Colleague: 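Encoded as structure tokens, here's the structure I'll be asking about.
Predicted model, so just to flag it, every value in this text is computed and none were measured. Chain A is the first sequence line, chain B the second, and so forth, proteins listed ahead of strands; every chain is numbered from 1.
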There are 2 protein chains.
Amino acid sequence: MTSTSDTSCEQDIFCDVPMIHEGTVREVFEAMPDDGLLFDMAEFFKVFGDSTRVRILFALHQSELCVCDLSALLSMSQSAISHQLRILKNARLVSSRREGKVVYYSLLDDHVKDIIEVGTAHLLEKK
Amino acid sequence: MTSTSDTSCEQDIFCDVPMIHEGTVREVFEAMPDDGLLFDMAEFFKVFGDSTRVRILFALHQSELCVCDLSALLSMSQSAISHQLRILKNARLVSSRREGKVVYYSLLDDHVKDIIEVGTAHLLEKK
DNA sequence: TCGACATATGAACAACTGTTCATGTATAGA
DNA sequence: TCTATACATGAACAGTTGTTCATATGTCGA
């Protein structure tokens with residue numbers, strides 16, 4: 001504990017770093033969600049942060065599709081599509097259903113639509 | 001043009017890849033937004049896909065803060081915070097205001113709150 | 001049982017990302 | 001003008017990510 005007992009900073013957490021508005025920082029700190037939630041939220045949005053996955057989600061928003069349809073639609077290899085579908089499945093955004101040799105994927109969750117809509121709204125805001 | 005005039009596939013775009021439901025694929029293809037929008041959307045969500053940036057956004061959602069406050073609050077170097085703030089600024093999610101030596105950052109956009117709320121809703125859904 | 005087909009998956013590799021470190025810029029006060 | 005402070009930024013580096021390639025799994029029909 002290198003105590004730089006100079007100006008502010010009583011006895012707590014923020015002591016290594018200079019800080020200008022200690023009161024405000026303390027209040028904001030109390031209001032912060034726990035790190036687990038913040039981490040999970042970042043992991044969740046990371047899934048939307050790739051254009052292949054976004055295109056898959058848009059496509060499935062129109063219709064249930066099998067892997068080779070998606071592969072043809074997006075002009076990408078079957079392997080690449082499968083890998084991305086696994087990520088989407090782990091994030092509980094899509095579900096799959098096997099029918100013979102074919103596996104059909106569809107959206108699992110209404111939030112996908114909401115999220116995409118908020119995203120578009122932001123992007124369409126001018127300037 | 002390697003024409004595999006075998007089963008389906010008339011004369012168009014999807015011809016290199018096997019495809020099971022040509023009609024559906026064609027419909028979905030027509031309904032897809034242009035690649036530019038899809039790319040921008042992925043770029044936009046990529047910004048939310050890092051826990052440092054998510055924490056900064058949560059903090060600024062509580063109060064306007066300067067760089068060194070954020071640095072203290074999140075226990076991270078001033079440099080790291082500055083780099084991330086630049087990314088958030090480029091995404092038009094935060095704005096800055098200088099007052100003497102100090103630069104204050106605040107949320108620029110109401111969509112941030114919406115997006116965070118939809119994300120939490122998804123994460124809190126059980127199972 | 002065997003081959004054809006739809007899909008899944010592990011390894012490898014290039015491209016990208018976030019942090020640190022060093023340094024530069026801007027402002028206030030002495 | 002000189003120093004201290006708050007912030008910005010470029011280079012470097014380690015860790016991560018998305019694709020390809022090769023191969024494995026599962027299902028159907030002959």
Colleague: Grab the CD1-P distance between A:Ile56 and C:dT7 for me, whole Å please.
Modeller: 13 Å
Colleague: How long is the line joining OH of B:Tyr104 and P of D:dA6, in whole Å?
Modeller: 11 Å
Colleague: How close or far is atom C1' of C:dT7 from atom CG of A:Leu70, stated in whole angstroms?
Modeller: 12 Å
Colleague: Using a strict cut-off of less than 4.0 Å between a Lys/Arg side-chain nitrogen and an Asp/Glu carboxylate oxygen, indicate whether A:Glu30 and A:Arg26 qualify as a salt bridge.
Modeller: no
Colleague: Which of parallel (below 30°), tilted (30 to 60°) and perpendicular (above 60°) describes A:Phe48 and A:Phe45?
Modeller: tilted
Colleague: Determine whether the aromatic ring centres of A:His21 and B:Tyr104 lie less than 6.0 Å apart.
Modeller: yes
Colleague: Roughly, in whole Å, what's the span from CG in A:Leu65 to P in C:dA6?
Modeller: 15 Å
Colleague: Just by distance, do the side chain of A:Thr120 and the backbone of A:Ile116 share a donor-acceptor pair under 3.5 Å?
Modeller: yes
Colleague: Rounded to the Å, how far apart are B:Leu74 CG and C:dG18 P?
Modeller: 15 Å
Colleague: Measuring to OP1 and OP2 of C:dG18, would you say a side-chain N or O of B:Arg53 lies under 4.0 angstrom away?
Modeller: yes
Colleague: Nearest whole Å is fine: how far is C:dT17 P from B:Ile87 CD1?
Modeller: 8 Å
Colleague: Report yes or no: does B:Arg53 contribute a side-chain atom to a donor-acceptor pair with the main-chain N or O of B:Arg55 at less than 3.5 Å?
Modeller: no
Colleague: Could you state the NZ-C1' distance from B:Lys101 to D:dT3, rounded to the nearest angstrom?
Modeller: 10 Å
Colleague: How close or far is atom P of D:dA4 from atom CD1 of A:Ile20, stated in whole angstroms?
Modeller: 18 Å
Colleague: Can a side-chain donor-acceptor contact be found between A:Lys89 and A:Ser95 if the only test is distance below 3.5 angstrom?
Modeller: no
Colleague: Would you say D:dC7 has OP1 or OP2 under 4.0 Å from some side-chain N or O of B:Arg86?
Modeller: no
Colleague: Under 3.5 Å between N/O atoms: give me all the protein pairs with nucleotides 19-24 of chain D, atom names plus distance.
Modeller:
from   : atom 1 : to      : atom 2 : distance (Å)
D:dT19 : OP1    : A:Thr52 : OG1    : 2.7
D:dT19 : OP2    : A:Gln84 : NE2    : 2.4
D:dT20 : OP2    : A:Ser77 : OG     : 3.0
D:dT20 : O4     : A:His83 : NE2    : 3.2
D:dC21 : N4     : A:Ser79 : OG     : 2.7

Colleague: So does B:Arg92 pair up with A:Glu125, basic N to acidic O under 4.0 Å?
Modeller: no
Colleague: Please classify the nucleic acid contact of B:Tyr105 as base, sugar-phosphate, or nothing, using heavy-atom distances under 4.0 Å.
Modeller: sugar-phosphate
